[in-house]
Amino acid sequence: MRLVLFQPDIPQNAGTILRLAACVGVGVDIIEPCGFVWSEPRLRRAGMDYLEFATVARHSSWEAFLAARSPGRLALLTTRGATPLPDARFENDDHLVLGRESAGVPDALHTAADLAVRVPMVPGARSLNVAVTAGMVLAEALRQTAGWPAAPA
Ligand SMILES: C[S@@+](CC[C@H](N)C(=O)[O-])C[C@H]1O[C@@H](n2cnc3c(N)ncnc32)[C@H](O)[C@@H]1O
């Protein structure tokens with residue numbers, strides 16, 4: 001299981017997701033360009049000292065990611081997803097792809113995705129925070145695939 005961040009804009013969100021990934025032992029792919037520099041203090045503050053434990057691969061473009069990525073499906077997390085989260089069935093090598101805060105993802109990513117998952121919301125709600133989405137969907141995906149870290153002995 002991996003999280004894929006497409007051109008993240010907001011360093012606090014990226015830092016929160018990197019901390020999440022480090023804590024549950026999930027790798028992260030970052031598709032650049034980002035809306036911030038990698039040394040940005042707000043990224044470091046949100047990720048705290050967990051950042052050094054995060055397994056991160058940075059890619060210069062979507063095409064570079066496709067060329068380098070590990071096997072597994074692309075599960076796009078999108079408000080336009082055809083599959084509501086309660087109906088989604090995850091596999092242990094899925095890549096959970098999250099869009100930019102400002103603009104989601106381009107149509108090419110919708111086309112490339114093997115499945116598109118939507119977290120259901122009440123009528124009128126436009127979208128969730130990207131880091132909240134990552135936490136909700138990753139929790140369900142790890143539950144289904146028995147991917148949670150083992151309890152300490
Ligand atoms: C703030 S939203 C992007 C909103 C953007 N204006 C758009 O039209 O897609 C940032 C990302 O969070 C994820 N996201 C937010 N709400 C979601 C939901 N209800 N279901 C699935 N993904 C969601 C998606 O990956 C989205 O690209």
Side-chain angles (χ1 to χ4, degrees), residues 1-38 40 42-47 50-51 54-66 68-145 147-148:
M1 191 77 61
R2 294 183 69 82
L3 292 171
V4 180
L5 307 189
F6 181 79
Q7 299 182 355
D9 289 320
I10 299 179
Q12 294 93 331
N13 287 338
T16 300
I17 292 171
L18 290 172
R19 179 176 176 180
L20 165 71
C23 287
V24 300
V26 163
V28 181
D29 291 287
I30 308 264
I31 315 297
E32 300 191 342
C34 299
F36 50 86
V37 292
W38 199 245
E40 161 68 50
R42 289 171 296 176
L43 172 79
R44 306 269 136 204
R45 257 200 304 281
Y50 296 95
L51 288 189
T55 307
V56 181
R58 292 166 62 191
H59 308 276
S60 58
S61 64
W62 176 248
E63 291 70 28
F65 162 73
L66 290 179
R69 79 184 184 92
S70 48
R73 302 182 307 174
L74 296 175
L76 179 62
L77 311 187
T78 167
T79 54
R80 292 157 52 192
T83 306
L85 179 59
D87 295 342
R89 292 295 165 261
F90 293 98
E91 299 177 4
N92 61 7
D93 56 358
D94 279 347
H95 297 65
L96 308 180
V97 183
L98 293 134
R100 292 175 82 165
E101 292 88 340
S102 56
V105 297
D107 288 344
L109 271 72
H110 284 270
T111 306
D114 297 294
L115 70 161
V117 177
R118 163 176 50 88
V119 180
M121 297 181 292
V122 297
R126 291 192 305 276
S127 67
L128 296 161
N129 171 277
V130 68
V132 170
T133 306
M136 294 175 79
V137 178
L138 181 60
E140 175 60 9
L142 292 177
R143 185 191 69 78
Q144 287 185 16
T145 58
W148 286 102

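We count ligands from 1, going down the list as the structure has it; atoms in each ligand are counted the same way. Note that these values count all heavy atoms, side chains included, but never hydrogens, waters or copies made by symmetry.
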Would you say the side-chain atoms of [X] pair up with the backbone N or O of [Y], donor to acceptor, closer than 3.5 Å?
{"X": "Asp94", "Y": "Leu96", "value": "no"}
{"X": "Gln144", "Y": "Ala88", "value": "yes"}
{"X": "Arg69", "Y": "Gly72", "value": "yes"}
{"X": "Glu101", "Y": "Asp9", "value": "yes"}

Hey, which atoms in ligand 1 end up nearer than 4.0 Å to a heavy atom of [X]?
{"X": "Arg100", "answer": "3 (C), 10 (C)"}
{"X": "Met121", "answer": "19 (N)"}
{"X": "Arg118", "answer": "20 (N), 21 (C)"}
{"X": "Leu77", "answer": "21 (C), 22 (N), 24 (C), 25 (O)"}

Ligand 1 to [X] polar contact by distance, N or O atoms, under 3.5 Å:
{"X": "Val105", "answer": "no"}
{"X": "Val117", "answer": "no"}
{"X": "Thr78", "answer": "yes"}
{"X": "Val119", "answer": "yes"}
{"X": "Gly99", "answer": "yes"}

For [atom], what is the closest protein heavy atom, and at what distance to 0.1 Å?
{"atom": "atom 6 (N) of ligand 1", "value": "Ser102 O, 3.8 Å"}
{"atom": "atom 17 (C) of ligand 1", "value": "Thr79 CG2, 3.5 Å"}
{"atom": "atom 4 (C) of ligand 1", "value": "Glu101 O, 3.9 Å"}
{"atom": "atom 5 (C) of ligand 1", "value": "Gly104 N, 3.7 Å"}
{"atom": "atom 15 (C) of ligand 1", "value": "Leu128 O, 3.2 Å"}
{"atom": "atom 14 (N) of ligand 1", "value": "Thr133 OG1, 3.4 Å"}

Which label fits Phe36 and Trp38: parallel for a plane angle under 30°, tilted from 30 to 60°, or perpendicular past 60°?
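Ring orientation, 0 to 90° scale: parallel.
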Smallest separation among heavy atoms of Ala116 and Thr78, with atom names:
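Heavy atoms only, the tightest pair is CB-CG2, 3.9 Å.
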How close do Arg73 and Phe90 get, counting heavy atoms only, and between which atoms?
NH2-CA, 3.7 Å
Does the side chain of [X] reach to within under 4.5 Å of the side chain of [Y], using non-hydrogen atoms?
{"X": "Met1", "Y": "Val24", "value": "no"}
{"X": "Tyr50", "Y": "Leu18", "value": "no"}
{"X": "Leu77", "Y": "Val119", "value": "no"}
{"X": "Leu98", "Y": "Val28", "value": "no"}

Heavy atoms only, cut-off 4.0 Å: how does Arg126 contact ligand 1, side chain, backbone, both, or neither?
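Contact part for Arg126 vs ligand 1: neither.
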Tell me the nearest of Val4, Val130, Val137, Val132 to atom 12 (O) of ligand 1, using heavy-atom distances.
Val130
